[in-house]
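Here's the structure we're looking at; comments come further down.
Fair warning: this is a prediction, and the values are worked out from it, not measured in the lab.
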Amino acid sequence: MKGDALACLAERLDRLERAHRRLKLASSATVLLVLSAIGLGVAAPRSPQPIPEASPIGSVVDEVRAKRFVLVDDTGKLRAVLGAATRGAVSLELLDKDGKVRSVLIVDSNGTPRLELFGADEARRIVLSVFPNRSGLGIFGEAGRGGAILDVVTDGTASLGLTDNKERSRAGLQLRSDGTTLLNFNDTNDKIRAALGVGADGSPGLGMWNRAGKRIWQAPPVER
């Protein structure tokens, strides 16, 4: 995968992470407001009200409308938040019993859906996104660093990039829309050192480069 594609995906993920942090703060504020409302309801004097009839067992409500739903477990711990965020985005956030975010599903204001799965350290481990002209899947290692990024464009171009734990591109596999395939290997300075490809016409090629980026060998050899 090209460096600009990785940078673009990283920027999108950073924006999503900031949005999730804001959502988490908003979720905590919602819980406090709910608790405050309950407290005020208990303290305020109430006039006698008729006791409503119990709903029949198995009855259902046709529709429930709300801007945010907050789910807590038997101990009162926050476990899930479903709500509409600012500027038309909507999201579902799931937490474990320790209050750590483990999964987030969001559809942003542009209609782009994203799914993120987190490890116990709350670092992103899997990210799945569908953009207007491409779809992407990222799988990351410990602390959210290093892994594989799969990118598929609507024209049929597909690429798979492998990064190390310092987020450096080390290997890439690409299938272009014209049928050309390319496999490249990079050094720790993100420079291509070896590449193997098959052109759209079926002709193969293999090349090697030194640290300075100079080609030192290739097959078939260059015709002089």
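The distance from the CZ atom of R170 to the OG1 atom of T163 is 10.0 Å, given to the nearest 0.5 Å. Atom CG of residue L160 and atom CG of residue L175 lie 12.0 Å apart, to the nearest 0.5 angstrom. In this structure, the separation between CG on N184 and OG on S169 is 6.5 Å, given to the nearest 0.5 Å. If you take NZ on K100 and CZ on R102, they are separated by 7.5 Å, rounding to the nearest 0.5 Å. Note: F185 CZ to R193 CZ = 13.0 Å, rounded to the nearest 0.5 Å. Between the CZ atom in F118 and the CD1 atom in I126 there is a gap of 11.5 Å [rounded to 0.5 Å].
Side-chain contact check for T181 versus Q174: every heavy-atom pair is 4.5 Å or farther apart. Contact of the L182 side chain with the R176 side chain is registered, since non-hydrogen atoms from C-beta on lie closer than 4.5 Å. Proximity of L78 to V70: side-chain heavy atoms (C-beta onward) are separated by under 4.5 Å at one or more points. R79 places a side-chain heavy atom less than 4.5 Å from the side chain of K97.
In the hydrophobic clustering of ILVMFWY residues, with side-chain heavy atoms under 4.5 Å counting as a link, L82 and L94 come out together.
Considering all non-hydrogen atoms of both residues, L162 and A148 come closest at CD2-CB, 3.7 Å. Smallest separation of non-hydrogen atoms from A123 and G144: CB-N, 3.7 Å. Closest approach of W209 to I192, counting heavy atoms only: CB-O, 3.5 Å. Closest approach of R114 and L105 over heavy atoms only: O-CD1, 3.3 Å. Smallest separation of non-hydrogen atoms from S103 and L117: OG-CD2, 3.5 Å. Between E93 and L95, the closest heavy-atom pair is O-CD1, 4.0 Å.
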- Message: What verdict does the salt bridge (Lys or Arg N to Asp or Glu O under 4.0 Å) test give for R65 and E63, after you've listed the backbone C-alpha separation in whole Å, the side-chain angles of each residue and the deciding distance to 0.1 Å?
- Response: CA-CA 7 Å; R65 288 177 174 264; E63 184 175 302; 2.4 Å; yes
- Message: Does D151 form a side-chain contact (heavy atoms from CB on, under 4.5 Å) with R134? I'd like the steps, not just the answer.
- Response: CA-CA 7 Å; D151 183 66; R134 67 200 315 121; 2.5 Å; yes
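Within a 6.0 Å radius of CD in Q218, other residues, nucleotides and ligands contribute more than 12 heavy atoms.
Ion pairing of R168 with D190 is absent here, as no side-chain N (NZ or NE/NH1/NH2) approaches a carboxylate O to less than 4.0 Å. Ion pairing between D187 and R211 fails under the 4.0 Å rule for side-chain N and carboxylate O.
The main-chain N or O of G88 is never found under 3.5 Å from a side-chain atom of S109 such that the two would form a donor-acceptor pair. Judged purely by atom type and a 3.5 angstrom limit, N189 has no side-chain atom pairing as donor or acceptor with the backbone of K191. Of the possible donor and acceptor atoms, none in the side chain of K67 sits under 3.5 Å from a partner among the backbone N and O of A84.
T112 and N110 share no side-chain donor-acceptor pair at under 3.5 Å.
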